[in-house]
Chemist: 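Pasting in a structure now, in structure tokens, and then I'll have a few things to ask.
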Amino acid sequence: VAESPGAGAGAAPARRRPAAGDPGTLIERARAGDPRSLARLVSLVENRSPELRAVMKAIAPYTGQARVIGLTGSPGVGKSTVTAALVAAYRSAGQRVGVLAVDPTSPFSGGALLGDRVRMQDHATDDGVFIRSMASRGQLGGLAWATPQALRILDAAGFGLVLIETVGVGQAELEIASLADTTLVIVAPGMGDSIQAAKAGILEIADVFVVNKSDRPGAQEVVRDLRTMLSMGEWPEGRWKPPIVSTAAAASDRAGLDDLLERIGQHQAWLDSSGELAARRQTRAREEIAAIAVAVLRERMGALPGDQRMAELAARVAAGETDPYTAADELVSG
Ligand SMILES: Nc1nc2c(ncn2[C@@H]2O[C@H](COP(=O)(O)OP(=O)(O)OP(=O)(O)O)[C@@H](O)[C@H]2O)c(=O)[nH]1
Ligand SMILES: [Mg+2]
């Protein structure tokens, strides 16, 4: 079988430039602000490269600095528009900003994500902004596995702020909330969102509610519904009560953006003063460890093509040569 020219060229070791591709060099250059090295490091995550292990070990001391803001909500509510507006605001304040647009519904990059790139084109030539679209469906471990590792890389590369956009479907919004320090739940009028929000338990994950498209009819009703929902919860001293901010992120004046920035800042200050930041980061680390451990176990169990272990054990169990418990122990012990 002839290899396709594309695959052959990419895989040929002779064409690689070892100095530039060496993880240590990549990390050094990424930290010095080189966007290409950074992009290559993030690609190691997407490709599940065996080099990742060494990279993660090397960058661990540089991590833990970035503030992470998650943006979630139904398709089309304006997540990317709000993200772009926030990027512009934080950039003008001198922050380096990373953006991960995670699509949990698509197995491919491109397609639906193209719109995000277009909206982000204002920042395309700015080295202080790094934007990456990631698709996670079908990947071993999915969002839970890849996103935190990409986040780590941006963090280590000196991005003081990382924004993670994901569509609020299925498990994705819960995963984003466990990754982010501050989670923005974005809703918009005319989409039945506030009702949906209550059902999906969004109240639990929102640190700030953003009612976007406030220039559209029905925005006030959405605010009112959210307020009613919040009033039914309990908010003892010391617990953060999510504020509701109205924005029109696509409008030329970006109405409500200053208010949103202020609320995010207040939440960040509360995270610091309450000790909640440390607690959230430990939760994040715990889930990261679990996701990697599960991925490692699955690999051992033959979830990856070409792995013979599972096939051999299955044949022995089927033939009555061993029992499934013993076989499972053999798999897990590695
Ligand atoms: N009227 C109005 N339109 C807006 C506003 N914000 C975003 N839009 C429009 O709504 C559409 C969807 O915006 P996006 O930012 O792509 O929404 P999204 O939530 O990222 O969409 P997906 O990533 O596809 O889920 C675009 O046509 C935007 O121009 C707003 O504040 N007011
Ligand atoms: Mg989007």
Chemist: Is any side-chain heavy atom of Leu261 closer than 4.5 Å to a side-chain heavy atom of Leu86?
Modeler: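 Counting from C-beta outward, Leu261 and Leu86 do come under 4.5 Å.
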
Chemist: Looking at side-chain heavy atoms only, is the closest gap between Val55 and Leu26 below 4.5 Å?
Modeler: no

Chemist: Considering all heavy atoms of both residues, which atom of Val211 and which atom of Val223 are nearest to each other, and what is their separation?
Modeler: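 Looking at all heavy atoms of both residues, the shortest contact is CG2-CG2, 3.8 Å.
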
Chemist: To the closest 0.5 Å, what do you measure between CG (Leu151) and CG (Leu179)?
Modeler: 6.0 Å

Chemist: Please give me the minimum heavy-atom distance between Phe130 and Pro35, naming the atom from each residue.
Modeler: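 Scanning both residues completely, I find the closest heavy atoms to be CE1-O, 4.2 Å.
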
Chemist: Can you name the closest pair of heavy atoms from Ala219 and Pro189 and give their distance?
Modeler: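 Scanning both residues completely, I find the closest heavy atoms to be N-CB, 3.6 Å.
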
Chemist: Just so I know, are the side chains of Thr326 and Val317 near enough to count as touching, which here means a heavy-atom distance under 4.5 Å?
Modeler: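 Answer no - side chains too far apart.
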
Chemist: Which pairs, with at least one residue in residues 205-220 and sequence neighbours excluded, count as a salt bridge (Lys or Arg N to Asp or Glu O under 4.0 Å)?
Modeler: Asp207-Arg280

Chemist: Yes or no on side chain to side chain contact (heavy atoms under 4.5 Å, CB included) for Leu100 and Thr166, after CA distance, side-chain angles and deciding distance?
Modeler: CA-CA 9 Å; Leu100 298 173; Thr166 192; over 6 Å; no

Chemist: Which value, rounded to the nearest 0.5 Å, describes the distance between Arg132 atom CZ and Ile164 atom CD1?
Modeler: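 It is 14.0 Å, given to the nearest 0.5 Å.
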
Chemist: Distance from Glu165 atom CD to Leu184 atom CG, nearest 0.5 Å?
Modeler: 11.0 Å

Chemist: Considering only heavy atoms from C-beta outward, does the side chain of Tyr90 approach that of Ile69 to under 4.5 Å?
Modeler: yes

Chemist: Using 4.0 Å as the upper bound for N to carboxylate O, is an ion pair formed by Arg284 and Asp181?
Modeler: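 Salt bridge flag = yes for Arg284 with Asp181.
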
Chemist: Look up atom OG1 in Thr247 and atom CZ in Arg254, then write down how far apart they are to the nearest 0.5 Å.
Modeler: 11.5 Å

Chemist: Would you say the side chain of Asp34 lies within less than 4.5 Å of the side chain of Asp127, judging by non-hydrogen atoms?
Modeler: no

Chemist: Go through Gln268 and Thr182 one step at a time and tell me if the side chain to side chain donor-acceptor pair (under 3.5 Å) criterion holds.
Modeler: CA-CA 7 Å; Gln268 290 172 336; Thr182 300; 4.8 Å; no

Chemist: Side-chain contact, heavy-atom cut-off 4.5 Å: Ser178 with Glu288?
Modeler: no

Chemist: What pair of heavy atoms forms the shortest contact from Leu41 to Ala30, and how long is it?
Modeler: CD1-CB, 3.8 Å

Chemist: Would you say Glu321 has more than 12 foreign heavy atoms packed within less than 6.0 Å of its CD?
Modeler: yes

Chemist: Using side-chain heavy atoms (C-beta onward) and a distance below 4.5 Å, is Val82 in contact with Leu260?
Modeler: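 Side-chain contact under 4.5 Å: yes.
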
Chemist: Would you find a donor on one side and an acceptor on the other, under 3.5 Å apart, between the side chain of Lys79 and the backbone of Ser74?
Modeler: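 Yes, the answer is positive, given that a donor and an acceptor are paired below the 3.5 Å cut-off.
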
Chemist: Search all heavy atoms of Arg91 against all heavy atoms of Gln95 and return the closest pair with its distance.
Modeler: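 Closest heavy-atom pair between Arg91 and Gln95: NH1-O, 2.6 Å.
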
Chemist: Going hydrophobic residue to hydrophobic residue with side-chain gaps under 4.5 angstrom, can you get from Met232 over to Ile205?
Modeler: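 Yes, Met232 and Ile205 fall within the same hydrophobic cluster.
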
Chemist: Between Arg67 and Asp272, is the closest basic N to carboxylate O distance under 4.0 Å?
Modeler: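 Looking at Arg67 together with Asp272, the answer is yes, because their closest N to O distance falls below 4.0 Å.
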
Chemist: Indicate yes or no for a side-chain donor-acceptor contact from Trp235 to the backbone of Leu230 under 3.5 Å, with no hydrogens or angles considered.
Modeler: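 It does hold such a pair.
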
Chemist: Evaluate the side-chain proximity of Val162 to Asp155: yes if any heavy-atom separation is below 4.5 Å, no if none is.
Modeler: no

Chemist: Trp240, Phe209: one ILVMFWY side-chain cluster at the under-4.5 Å cut-off?
Modeler: no

Chemist: Are Val42 and Ile27 connected in a single hydrophobic cluster, I mean Ile/Leu/Val/Met/Phe/Trp/Tyr linked by side-chain heavy atoms less than 4.5 Å apart?
Modeler: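 Yes, one cluster joins them.
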
Chemist: If you apply the rule side chain to side chain contact (heavy atoms under 4.5 Å, CB included), what do you find for Gln149 with Ile292, and how did you get there?
Modeler: CA-CA 10 Å; Gln149 303 208 47; Ile292 291 170; 3.9 Å; yes

Chemist: Which value, rounded to the nearest 0.5 Å, describes the distance between Lys57 atom NZ and Arg53 atom CZ?
Modeler: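 Separation between the atoms: 8.5 Å.
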
Chemist: Could you see if Leu71 belongs to whatever hydrophobic cluster contains Val208? Use Ile, Leu, Val, Met, Phe, Trp, Tyr and a side-chain cutoff under 4.5 Å.
Modeler: yes

Chemist: Quick check: does any side chain N or O of Asn47 sit under 3.5 Å from a backbone N or O of Ser49, one acting as donor and the other as acceptor?
Modeler: no

Chemist: Kindly determine whether Ile59 and Arg152 satisfy side chain to side chain contact (heavy atoms under 4.5 Å, CB included), including the steps that lead there.
Modeler: CA-CA 8 Å; Ile59 66 175; Arg152 268 176 184 280; 4.2 Å; yes

Chemist: Minimum heavy-atom separation for Ser37 and Arg29, please, with both atom names.
Modeler: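 Minimum heavy-atom separation between Ser37 and Arg29: OG-CB, 3.2 Å.
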
Chemist: Give the cluster check for Leu161 versus Val99: same hydrophobic cluster or not, with ILVMFWY residues linked at side-chain heavy-atom distances below 4.5 Å.
Modeler: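 Leu161 and Val99: one cluster.
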
Chemist: Flag yes if more than 12 heavy atoms outside Arg239 fall under 6.0 Å of its CZ atom; otherwise flag no.
Modeler: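 More than 12 heavy atoms, drawn from other residues, nucleotides or ligands, come within 6.0 Å of this atom.
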
Chemist: Taking Asn212 for its side chain and Val77 for its backbone only, find out whether a donor-acceptor pair lies under 3.5 Å.
Modeler: yes

Chemist: Return the CD1 to OH distance between Ile153 and Tyr62, rounded to the nearest 0.5 Å.
Modeler: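 These two atoms lie 14.0 Å from each other.
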
